[in-house]
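Below: the structure, in structure tokens.
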Number of protein chains: 2
Amino acid sequence: MDNATRSERSRNAALEAAIAIIARDGPGRLTLDAIARESGLSKGGVMHQFRTKEAVLKALLERQMAHFEEFSTRTMAKVSASSASPNLATQLATIREAATSPNSAALALVAAMVENPRLMALPREREMKRMAAIRAEAADPDLAMLRWAGAMGLLLSSLFGMSPLSNDEHQRLFARLLDDAQWSGLEQPATRTIKPAAKSSTPSTAKAATSGKRA
Amino acid sequence: MDNATRSERSRNAALEAAIAIIARDGPGRLTLDAIARESGLSKGGVMHQFRTKEAVLKALLERQMAHFEEFSTRTMAKVSASSASPNLATQLATIREAATSPNSAALALVAAMVENPRLMALPREREMKRMAAIRAEAADPDLAMLRWAGAMGLLLSSLFGMSPLSNDEHQRLFARLLDDAQWSGLEQPATRTIKPAAKSSTPSTAKAATSGKRA
DNA sequence: TCTATAAAACCGACCAGACGGTTTGTAAAG
DNA sequence: CTTTACAAACCGTCTGGTCGGTTTTATAGA
């Protein structure tokens, strides 16, 4: 086998193993020995590909970021024509993807933060650029940021295992966050433009239905 | 000194030290030796008060929960008369408090999750009760949950050191989340009652239903 | 009130295992 | 034959937890 691809395979196996460990045992259990065990490689092999544990975390982080970067650009291409605020739409869709993705990608973030909080600088920087784009295109920038924050809240709270919402609710809420039409009613660049709206006597309380657990 | 208060002081010192360590060095650096060093107690002393490390985490969690519980009831008493949705208002204010509080309380959550994810069951349970109350009192339950999620997103993202927002924006967004008047424009119990509004050139997209699974 | 004794709080040395990382050796690729 | 990919034993440090002993408080009888 080619040398380069041999390395590639090993690096891949190690990172895959790292994700599996984090998802299964929690970020606190991610150790080099565990990675070696899980990936089938020897510890020496792992250390040959990554000189330190921090290098593993960094690679993991960059890998996940690349994954969502790609998802992001793909989504962007789809919605850029149909949506008035394509950056927001893309970002929301990406966050939803992160929340529903089985290989809990964002757990890499948690692991990185535990080990070395300053690794968080990379994602934050990228996030700020995106946020700027969202703000720039929005008729009501604050509302756009709040929609972003809402998606983030859904993602992170479920990631922490402390989301009180069922799967259905989760999906429904994401859908509503994404639906521009639902929010155009209260855009307010600076001034108040409240519609009295219909108070609607006794609103159904929604069907509840929720018996679900975690999300 | 009285025996009971002596214990109380020691327990307190240990927990205080734990918070300081987490906030300063990150959750990964929280060790029993570190707690002993930081608190001035000996390791034996710490171990006398908490039989295991998990016991420390648990106590820490319960302590923070009690703190916000108290803040919560206090806030509830204040707003219950003035607000149409006091539970939501209280919850939002409490989350803002957690985000603003200097001794980043919620870091205890992160530490707990790293060490033992199932400790998260306690806070989640309590959160579910609160969520039920919020849903029950809301004219538009989903919107209420989205407001909650927005606050959560602001809190958690800044907690993770990955918030792209400035302090001012943070405060402003929380204020807007709290202001009922800003949201009454788009309440929609179950039926669509959308006002044509200004922009919305192209209708949503809202495809929903992706391949999602847990989160 | 003084004293003997139990009980609780506290200390610090110690332990086995896990940790991140290094070193030495070997087989395959170039 | 040199370089690269990997294996495996190994090292010093740190970790959560134990243990025997010391000091401080509580209890009780005289």
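Computed from a prediction, not measured in an experiment: that's the story for all the values here. Values below: all heavy atoms of this structure, side chains included; hydrogens, waters and symmetry mates excluded. Numbers restart at 1 for each chain; the letters A, B, ... are given by sequence-line order, proteins then strands.
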Taking OP1 and OP2 of [N], is either one under 4.0 Å from a side-chain nitrogen or oxygen of [X]?
{"X": "Ser42(B)", "N": "dG12(C)", "value": "no"}
{"X": "His48(B)", "N": "dC10(C)", "value": "no"}
{"X": "Ser10(A)", "N": "dC6(D)", "value": "yes"}
{"X": "Gln49(A)", "N": "dA5(D)", "value": "no"}

What is the distance from [atom1] of [X] to [atom2] of [N], rounded to the nearest Å?
{"X": "Arg37(A)", "N": "dG20(C)", "atom1": "CZ", "atom2": "C1'", "result": "14 Å"}
{"X": "Phe50(B)", "N": "dC10(C)", "atom1": "CZ", "atom2": "P", "result": "11 Å"}
{"X": "Lys43(B)", "N": "dC15(C)", "atom1": "NZ", "atom2": "P", "result": "14 Å"}
{"X": "Glu8(A)", "N": "dC6(D)", "atom1": "CD", "atom2": "P", "result": "11 Å"}
{"X": "Arg29(B)", "N": "dT15(D)", "atom1": "CZ", "atom2": "C1'", "result": "14 Å"}
{"X": "Asn12(A)", "N": "dA5(D)", "atom1": "CG", "atom2": "P", "result": "15 Å"}
{"X": "Asp33(B)", "N": "dT18(D)", "atom1": "CG", "atom2": "P", "result": "14 Å"}
{"X": "Glu115(A)", "N": "dC19(C)", "atom1": "CD", "atom2": "C1'", "result": "10 Å"}

Between [options], spot the one nearest the side chain of [X], thanks.
{"X": "Arg6(B)", "options": "dA9(C), dA5(D), dG17(D)", "value": "dA9(C)"}
{"X": "Asn3(A)", "options": "dG20(C), dA29(C), dA9(C)", "value": "dA29(C)"}
{"X": "Met1(A)", "options": "dA29(C), dG21(C), dT25(D)", "value": "dA29(C)"}

First encountered from the 5' end of DNA chain D, between Gly44(A) and Leu30(B):
Gly44(A)
Take Asp2(B) and Lys53(B), find for each the nucleotide of DNA chain D with the closest heavy atom, and name the residue whose nucleotide sits nearer the 5' end.
Lys53(B)
Ion pair Arg74(A)/Glu69(A), N-O distance below 4.0 Å
no
Are [X] and [Y] close enough that a side-chain donor and a side-chain acceptor fall under 3.5 Å?
{"X": "Gln182(B)", "Y": "Asp179(B)", "value": "yes"}
{"X": "Ser39(B)", "Y": "Glu16(B)", "value": "no"}
{"X": "Glu127(A)", "Y": "Gln91(A)", "value": "yes"}

Heavy-atom distance under 4.5 Å between the side chains of Ile19(A) and Gln64(A), does that happen here?
yes
Name the residue closer to the 5' end of DNA chain C, choosing between Thr31(A) and Arg51(A) according to the nucleotide with the nearest heavy atom.
Thr31(A)
